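What follows is a short report on a single structure.
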Protein chains: 2
Amino acid sequence: MSPVGRPRIFDMEAVLEAAMLLFWEQGYEATSLAQLREATGLSSASLYGAFGSKEGLFEKAVEHYIAGPGSVTDVVADEAESPREAIARLLHGSINMQTDTSHPRGCLVALSGTTRAPGAGQAGARKVVAARRAADRARIRACIVRGIASGELAEDTDVDGVTSMIHGFLLGISTQVCDGTSARHLHAAADAVLANWDAQGR
Amino acid sequence: MSPVGRPRIFDMEAVLEAAMLLFWEQGYEATSLAQLREATGLSSASLYGAFGSKEGLFEKAVEHYIAGPGSVTDVVADEAESPREAIARLLHGSINMQTDTSHPRGCLVALSGTTRAPGAGQAGARKVVAARRAADRARIRACIVRGIASGELAEDTDVDGVTSMIHGFLLGISTQVCDGTSARHLHAAADAVLANWDAQGR
DNA sequence: TCAATATCGGATCAGTCAATCCATAACTAG
DNA sequence: CTAGTTATGGATTGACTGATCCGATATTGA
């Protein structure tokens, strides 16, 4: 169990937190190693020794995000909640998290990796966030399937259509938050989306 | 009227089209001057003589986008259409444009400038697209106000809430298209959003 | 024909990029 | 103790970044 060699002296959690905040604020591309070094207090050698590359550090930072602030979307997979309640918590919880001023605005996963530059490292960074978006989408879809099974939604509900509506609105929250749309208006919008859910149910 | 000095020999439209496609595909940051030179066939001197900076070129390329593919959102300001029809055309038209395989996926305006790096040029580039997003949002809002005035929507409709719902979904289309969501599912989602519009009306 | 003006291609600039190297330090296993 | 392994700080790498400079060229107005 005890590792061979000189042990790490830096706090992995603190480093990932600092890197996450930087990537969140500026995006993968715009964040330089020099900034990451300053924010984490580590040297290039330590950074590359621990993460292998800028892309590797981004991956770990995204995992840290998903386990932290990004975990607000996990409620949608909670089968103890009714499907409607799960979607409601997903939307309102995401709005609350993204408008929280104690960290950068919007969602790291929603805003990263939406361009397709030919660069080497960028492809990997894009894959990490795209995978999380796909996972969120799949969980929303499963929630809607549950809603049909439980009778909350009509039998003939277009599953992928409603999924795209919910997921599309969820993704759009990030850009709106970036542009300064208030939490109040977004919560009202989420309620409007949920009213739609109710309308589908009869 | 006739300008003094050696006249330009390059085709401004063709250059803006090439630059637009590159920025659209890769984003502002990830697109290098070397790529822009190759795509446009111009030298650095010509590029800087005509546009002043990479940021200036981006601004003109965005204007070219807005006048071209991006003009699909203009229908929402067409007062000859009923508000509901205007929103319907806005959403379905945007989906058709963004999933058109003859150009990069998604919307240049929706996907650019959502991060806040401290770089000099980036701030200006961000402003251009943010201004367009704000304009789109204002036009959607005006359309909803019209809908209330015409009786399509209830008197007590939450204007900013419905605006955020429509605009949020519109912005979310781009990320979904980037991730490969099919046009069929997105059109179904747009119909679901519009069903919500109808529900608000009674 | 002769300034004045502006664009052209191509070379070039200082600065920054992500990544690597090296000598040293700190640990474990035998 | 020694040998092997890994982390650390700091200097350094070649490649690329956006931007500028230069001499040559093409046009207008006098």
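By convention in this document, chain letters (A, B, ...) are assigned in the order of the sequence lines, proteins followed by strands, and residues within each chain are numbered from 1. Because the structure is a prediction, the values reported are computed rather than measured.
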Side-chain donor-acceptor pair present, H185(A), D158(B), cut-off under 3.5 Å: no
Can you measure [X] atom [atom1] to [N] atom [atom2] for me and round it to whole angstrom units?
{"X": "L57(B)", "N": "dA19(D)", "atom1": "CG", "atom2": "C1'", "result": "14 Å"}
{"X": "Q122(A)", "N": "dA19(C)", "atom1": "CD", "atom2": "P", "result": "13 Å"}
{"X": "L42(A)", "N": "dA19(C)", "atom1": "CG", "atom2": "P", "result": "16 Å"}
{"X": "Y48(B)", "N": "dC21(D)", "atom1": "OH", "atom2": "C1'", "result": "14 Å"}
{"X": "F51(B)", "N": "dA6(C)", "atom1": "CZ", "atom2": "C1'", "result": "15 Å"}
{"X": "K54(A)", "N": "dT20(C)", "atom1": "NZ", "atom2": "C1'", "result": "17 Å"}

Do the ring planes of Y28(B) and F58(B) sit parallel (below 30°), tilted (30 to 60°) or perpendicular (above 60°)?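 Answer is perpendicular, since the angle exceeds 60°.
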In residues 169-176 of chain A, what donor-acceptor pairs under 3.5 Å come from side-chain atoms, sequence neighbours left out?
{"residue": "S174(A)", "atom": "OG", "partner": "Q98(A)", "partner atom": "OE1", "Å": "2.9"}
{"residue": "S174(A)", "atom": "OG", "partner": "C107(A)", "partner atom": "N", "Å": "3.1"}
{"residue": "Q176(A)", "atom": "OE1", "partner": "R137(B)", "partner atom": "NH1", "Å": "2.7"}
{"residue": "Q176(A)", "atom": "NE2", "partner": "S164(B)", "partner atom": "O", "Å": "3.2"}

Below 4.0 angstrom, which residues in residues 6-40 of chain A have at least one non-hydrogen atom near DNA chain D?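 R6(A), P7(A), R8(A), I9(A), F10(A) - these, ordered by number, are the residues of the stretch whose heavy atoms sit under 4.0 Å from the strand.
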Tell me if the CZ atom of R146(B) is crowded by more than 12 foreign heavy atoms within 6.0 Å. yes
Could you tell me which residues satisfy side chain to side chain contact (heavy atoms under 4.5 Å, CB included) with T73(B), sequence neighbours excluded, listed by chain and number?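 Side chain to side chain contact (heavy atoms under 4.5 Å, CB included) check on T73(B) returns L90(B), S94(B), R132(B), D136(B), R139(B).
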Of all the heavy-atom pairs spanning E29(B) and A30(A), show the shortest one and how long it is. OE1-CB, 3.3 Å
G5(B) vs G52(A), nearer the 5' end of DNA chain C by closest nucleotide: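 Looking at the nearest nucleotide for each, G5(B) comes out on the 5' side.
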Respond yes when some side-chain nitrogen or oxygen of S46(B) is under 4.0 Å from OP1 or OP2 of dC8(C), and no when none is. yes
